[in-house]
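Every heavy atom of this structure was used, including side-chain atoms; hydrogens, water molecules and symmetry mates were not. All residue numbers in this chain count up from 1 along the given sequence. Every number for a ligand or one of its atoms is a count from 1 in the order of the listing.
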Amino acid sequence: MPPIRNTPPDGGLVPRPRVFEYCPDSYHPKLPFDISADPPFAAEAAWAAEALSAAFTLPVVVVEDRRAAIRVRYVADLEPEGYRLALRPSGARIAASSSAGAFYGLQTLRALALIWEGRIPCCIIEDAPRFGWRGFMLDTVRNFFEPAFIKRLIDLAALHKLNRFHWHLTDDQGWRLPIPGRPELVQNSARKVDRRYVPPLERTLYYDEDAIQDILAHAAQRHVTVIPEIEMPGHVLALLSSHPEFSCIGSRFEPEDRFGIYADVLCAGNDDVFMFLEEVMDEVVRLFPGLYVHFGGDEVPTERWALCPRCRKRMADEGLPDAAALQGWFTRQAAGILRRRGRRPVGWDEIVQSATPKDAIVMAWRSAERGREAAEAGHDVVMCPGSRACYLDHKHRDVPDEPGHLGVSTVKDSYLFDPLENLSENQKSRILGMQGNLWTEIMYFGRHVEYMAFPRLSALAETAWTPGELRSFDGFSARLRWWGKALDSLDVARYRGPLE
Ligand code: ACM
Ligand code: ZN
């Protein structure tokens, strides 16, 4: 076959692999189109048969034959999650030391097929990630998204080699996780999405066990760990609409339509609140197998606590000087509930001020500086500062009719944030990775989410995967012209305007 001309840098791949070399000739699959994998990678081969059939528009069968067109081999000497891929006219040879590495090798082959529409220039790739935590957060409270869309977003994230899905399940506007013996929660509190703008649906909107298991299986097959988030002690108006007795003032509450920060939070002096949280976390750990559980902790007004007799008694009993110290106490209770269940607590960066145990992972959302402080205090940190273009609800550009709010974050802004900048070596060692956050106050449908996510999440994914010295915005934008074809072939409703 003649060589392919006008080849883009690095095959057009995002994230950029560590080593990419073109070889003469090109690869075009023929029938029978088959895949064989060493036994540890059987699940990855099964996933790939489906994904590669779709990408090459040719049926792929799994066989036990070392001469198969796509062959995935176990080798001992590669980094965890790393892989080697050699694509020759005769087929693909992938080597990995872990099932995640085998998955990423196959994912790269899928990506090349999507970019090149089936006829791929031959190449040799060596690759491994920079960070272990490469994530995205989806807020399924402010607006509800169907399980099918969540699965699609997980698949698109995995195409970018992201491996953490942080699932925001409760907030002022809704409570979307059923708890056994507590039917009122999803009856009263799993209300429709923003009722000002979206016509009400007949049903309440929450994720039942079948939906959750389906999403978890889909994520696990793509090597994505799901981190459920149950917000406390603030952002709980939906919960208080079912349980006003968990507030300090006990009045009536409604799930909120607007978004903001509300004074009513969980009463820190009420032991029933903690009994309830134990019940909730029993269910969370029963459903979600991953190590990490997020307990929120952000934006907690303490004005009710300061006046509440039960909260004041708690402060006196625990020797806490003020309401801020009570917030710290609450955070330690929340972390303890998770730790007793063998889970690693995760919270927003407000928890750093509250003498939270150091095994709690901190998500730096207000600024990268908060992440630096958390690392300095001895926490492991996930960087996702809104001030540095990790908040994907901001506008892509500063023009009046562009969707988005709370600021402007261009694709270039997202690309240029580096989670290790301005950190000491010791602080750097505490950075687990980074993520992009999709708050959905003004994203009403999945295709809105896609428009806000891509390609900014592609930019963040490259920073999370590719070593700093191999990253450049010019290289990324050159590849994005090709990577856009991969997204188009999956019908992603991506933003296509100026990148800066
Ligand atoms: C947050 O954006 N309040 C974590
Ligand atoms: Zn109280």
Side-chain angles (χ1 to χ4, degrees), residues 135-139 141-142 166-173 227 229-237 239-240 243-251 253 256 259-274 276-277 294-318 320 322-327 329-331 333 346-353 361-368 370-371 374 381-394 405-407 409 434-443 452:
F136 73 104
M137 187 216 74
L138 181 68
D139 167 8
V141 179
R142 273 53 176 270
H166 169 181
W167 189 354
H168 191 70
L169 281 162
T170 71
D171 212 304
D172 295 311
Q173 296 76 6
I227 297 101
E229 181 184 357
I230 305 295
E231 270 269 14
M232 65 188 79
H235 287 293
V236 289
L237 291 184
L239 168 59
L240 295 182
H243 288 282
E245 74 279 13
F246 293 165
S247 73
C248 290
I249 60 173
S251 66
F253 296 95
E256 185 52 62
F259 68 94
I261 301 174
Y262 298 96
D264 286 290
V265 302
L266 295 176
C267 177
N270 181 350
D271 288 337
D272 290 346
V273 165
F274 297 94
F276 170 78
L277 294 176
H294 201 304
F295 64 91
D298 60 318
E299 299 179 327
V300 188
T302 54
E303 63 208 63
R304 296 281 191 256
W305 289 350
L307 297 173
C308 168
R310 285 180 299 191
C311 286
R312 295 176 70 89
K313 177 164 187 314
R314 180 80 77 197
M315 288 187 242
D317 291 350
E318 299 290 334
L320 304 166
D322 54 22
L326 185 58
Q327 185 181 346
W329 180 85
F330 198 113
T331 301
Q333 304 311 303
V346 185
W348 298 110
D349 60 47
E350 282 90 335
I351 70 170
V352 179
Q353 284 106 313
I361 294 171
V362 171
M363 276 192 182
W365 71 276
R366 289 178 293 181
S367 64
R370 298 285 185 180
V381 175
V382 175
M383 288 283 201
C384 52
S387 57
R388 296 299 306 278
C390 294
Y391 268 40
L392 306 179
D393 53 341
H394 297 177
H405 65 169
L406 302 173
S409 295
M434 59 192 288
Q435 67 181 35
N437 292 342
L438 288 154
W439 298 104
T440 59
E441 285 93 348
I442 58 169
M443 298 180 209
M452 301 309 279

Notebook entry, point to check: With the Zn ion (ligand 2) at the apex, how many degrees lie between SG of Cys311 and SG of Cys308, rounded to 10 degrees?
Noted result: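 Taking the Zn ion (ligand 2) as the apex, I get 110° for this pair.
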Notebook entry, point to check: At the Zn ion (ligand 2), what is the angle formed between atom SG of Cys267 and atom SG of Cys248, rounded to the nearest 10°?
Noted result: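 With the Zn ion (ligand 2) as the vertex, SG (Cys267) and SG (Cys248) sit 110° apart.
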Margin query: Below 4.0 Å, non-hydrogen atoms only: which portion of Met363 touches ligand 1? Side chain, backbone, both or neither.
Written below: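 No part of Met363 comes within reach of ligand 1.
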Notebook entry, point to check: Distance only, no hydrogens: is a donor on one side chain within 3.5 Å (strictly under) of an acceptor on the other, for Trp365 and Glu350?
Noted result: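 Yes, a side-chain donor-acceptor pair sits under 3.5 Å.
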Next item on the list: Would you confirm whether the ring centroid of His168 sits within less than 6.0 angstrom of the ring centroid of Trp348?
Entry: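 Centroid separation for Trp348 and His168: 6.0 Å or greater.
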Checklist line | Test of ring centre spacing under 6.0 Å for Trp167 and His294 | finding: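 Ring centroids of Trp167 and His294 are no less than 6.0 Å from each other.
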[X] heavy atoms, cut-off 4.0 Å: which ligand 1 atoms fall inside?
X	answer
Glu299	3 (N)
Tyr391	1 (C), 2 (O), 4 (C)
Trp365	1 (C), 2 (O), 3 (N), 4 (C)
Asp298	1 (C), 3 (N), 4 (C)
Trp439	1 (C), 2 (O), 4 (C)

Next item on the list: Over all heavy atoms of both residues, which pair between Cys308 and Cys267 is shortest? Give the atoms and the distance, please.
Entry: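 The pair with the smallest heavy-atom distance is SG-SG, 3.9 Å.
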Notebook entry, point to check: Once you round to the nearest 0.5 Å, how far does NE2 of His243 lie from CG of Asp272?
Noted result: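 The distance works out to 10.5 Å.
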Check: Ion pair present between Arg310 and Asp271, side-chain N to carboxylate O less than 4.0 angstrom?
Finding: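 The answer is no: the pair does not qualify as a salt bridge.
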